[in-house]
Peer 1: 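I am attaching a structure below and will ask some questions about it afterwards.
Letters go in sequence order (proteins before strands), and every chain restarts at 1.
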Number of protein chains: 2
Amino acid sequence: MGKRNPEKVASLHEKLADKMEERGLRSTSQRRLVCDVFFRSSGHHSVDDVLALVHRRDPKIGYATVYRTLKMLVESGLAHERHFSDSLARFEVTDAEGHHDHLICVSCNAIIEFEDDEIERLQERLAKRHGYQLVRHKHELYGICLTCRRQGVDSA
Amino acid sequence: MGKRNPEKVASLHEKLADKMEERGLRSTSQRRLVCDVFFRSSGHHSVDDVLALVHRRDPKIGYATVYRTLKMLVESGLAHERHFSDSLARFEVTDAEGHHDHLICVSCNAIIEFEDDEIERLQERLAKRHGYQLVRHKHELYGICLTCRRQGVDSA
DNA sequence: GTCGCTGCAAAACGTTTGCATTTAG
DNA sequence: CTAAATGCAAACGTTTTGCAGCGAC
């Protein structure tokens with residue numbers, strides 16, 4: 001959960017303002033706060049993660065508002081919703097440079113993002129071969145990271 | 001949801017009997033029925049799907065039994081649990097020939113299973129390159145199938 | 001002033017569990 | 001006889017929703 005650089009955060013707020021105007025949505029203090037918290041920290045956050053950060057600045061904000069705001073960000077294309085092996089949704093800021101997939105440590109939950117053009121190409125080919133026009137895909141690799149392996153976590 | 005051929009069904013029942021004996025589990029009429037229904041029809045079934053089929057032969061069987069039985073099949077290695085884009089779990093009979101991934105039509109939910117050695121190889125390479133020892137992966141391609149495309153379903 | 005947004009609490013959803021009862025071994 | 005499995009209903013964790021009041025525009 002690193003921090004995103006301030007220029008990028010500002011640009012995300014701008015992009016959001018545009019999108020919200022387009023869609024006729026109102027800019028409330030709660031939305032501004034939730035989005036700011038979310039934009040500032042990189043990584044894959046659950047609703048609870050975001051709510052906890054939000055509560056440090058305003059403890060009165062409710063669950064539902066965070067859910068609704070993150071959903072709005074997804075609809076506006078500024079966030080992606082992910083479902084890894086745990087049962088809850090995680091959100092990440094949409095990467096302007098485009099799509100990526102995930103390599104997840106089953107032991108410590110560290111997440112590495114990857115992009116592999118060759119795999120993407122093979123996916124396209126495979127879909128086409130079966131008559132499918134590819135819309136999106138989910139590619140998650142679960143493994144044990146080097147650190148965990150060194151600490152003697154075994155794959156059982 | 002096709003049907004599986006009778007010899008294969010019989011062989012699944014045998015394999016299950018072995019596994020259950022190994023684990024000291026009891027063969028009840030409910031378990032036999034749930035497993036028989038599940039083994040007979042190929043495809044990716046939700047708990048409700050299975051329960052509906054089961055109820056045609058015995059309406060007294062409860063939700064919990066089906067959940068517990070499918071879970072037992074997963075633990076015994078005879079079934080796999082999948083989570084596609086809808087929120088519920090789907091189960092399929094474990095394919096003796098080994099692992100496969102899925103190509104899913106976002107319009108009609110048709111599912112094609114695929115296996116691509118080259119993609120598998122690239123995944124391994126990618127994980128290794130990041131210091132991960134691969135344990136498992138999830139690879140789902142969502143697209144529009146030929147039939148739906150011909151019927152004018154567009155990708156929007 | 002209107003209509004969208006908030007916060008709360010309640011409902012919904014798929015899944016799991018506690019428990020009294022039944023049943024396999 | 002005993003321990004495991006069943007069926008019910010209630011609990012669970014996450015997400016969504018209804019609604020009265022509040023606040024952006």
Peer 1: To the nearest Å, give me how far apart CG (B/Asp86) and C1' (D/dT15) are.
Peer 2: 16 Å

Peer 1: Give the ring-plane orientation class for B/His139 versus A/His139, where under 30° counts as parallel, over 60° as perpendicular and anything between as tilted.
Peer 2: parallel

Peer 1: Starting at atom CZ of A/Phe84, determine the distance to atom C1' of D/dT14, rounded to an integer number of angstrom.
Peer 2: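 That distance rounds to 17 Å.
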
Peer 1: Test of understanding: with side-chain hydrogen bond (donor to acceptor under 3.5 Å, both in side chains), list the residues that count as partners of B/Arg31, not counting sequence neighbours.
Peer 2: none

Peer 1: Whole angstrom is fine here: how far is it from CD in B/Glu21 over to P in C/dA24?
Peer 2: 17 Å

Peer 1: At under 4.0 Å, does any side-chain N or O of B/Arg31 touch on OP1 or OP2 of C/dA24?
Peer 2: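 Looking at the OP1 and OP2 atoms of C/dA24, neither is under 4.0 Å from any side-chain N or O of B/Arg31.
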
Peer 1: Which hydrophobic side chains are connected to B/Leu141, either touching it within the sub-4.5 Å cutoff or through other members that do?
Peer 2: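 Hydrophobic cluster check, B/Leu141: joined to A/Leu103, A/Ile112, A/Phe114, A/Ile119, A/Leu122, A/Leu126, A/Tyr132, A/Leu134, A/Leu141, B/Leu103, B/Ile112, B/Phe114, B/Ile119, B/Leu122, B/Leu126, B/Tyr132, B/Leu134.
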
Peer 1: B/Asp58: which residues meet the side chain to side chain contact (heavy atoms under 4.5 Å, CB included) condition with it, sequence neighbours left out?
Peer 2: B/Leu33, B/Lys60, B/Ile61

Peer 1: Mind running a 4.0 Å heavy-atom check of residues 59-71 of chain B against DNA chain C and sending the residues that fall below it, in number order?
Peer 2: B/Ala64, B/Tyr67, B/Arg68

Peer 1: Examine the side chains of B/His45 and B/Glu92 and answer whether a donor and an acceptor come within less than 3.5 Å of each other.
Peer 2: no

Peer 1: Check A/Lys15, A/Arg23, A/Lys71 against A/Ser76 for a side-chain hydrogen bond (donor to acceptor under 3.5 Å, both in side chains) and give me the one that passes.
Peer 2: A/Arg23

Peer 1: Given side chain to side chain contact (heavy atoms under 4.5 Å, CB included), test A/Leu16 with A/Cys35 step by step and report yes or no.
Peer 2: CA-CA 9 Å; A/Leu16 177 59; A/Cys35 294; 3.5 Å; yes

Peer 1: If I take atom NE2 in residue B/His55 and atom P in nucleotide D/dT6, what distance separates them, rounded to the nearest angstrom?
Peer 2: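 So the NE2-P distance, B/His55 to D/dT6, works out to 13 Å.
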
Peer 1: Who passes side chain to side chain contact (heavy atoms under 4.5 Å, CB included) against A/Asp95, sequence neighbours left out?
Peer 2: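 Listed in chain order: A/Glu97, A/His100.
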
Peer 1: Calculate the interatomic distance between A/Arg23 atom CZ and C/dC5 atom C1'; express it in whole Å.
Peer 2: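 These atoms are roughly 14 Å apart.
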
Peer 1: Between C/dT16 atom P and B/Met72 atom CE, what is the distance in whole Å?
Peer 2: 15 Å

Peer 1: Identify the pairs formed between an N or O of the protein and an N or O of nucleotides 23-25 of chain D at a distance under 3.5 Å, and give each distance.
Peer 2:
unit_1 : atom_1 : unit_2  : atom_2 : d
D/dG23 : N2     : A/Arg26 : NH1    : 2.7
D/dA24 : N3     : A/Arg26 : NH1    : 3.3
D/dC25 : OP1    : A/Ser27 : N      : 3.2

Peer 1: To the nearest 0.5 Å, what is the distance between CZ (A/Arg82) and CD1 (A/Ile104)?
Peer 2: 9.5 Å

Peer 1: How long is the line joining CG of A/Asp58 and P of C/dC5, in whole Å?
Peer 2: 18 Å

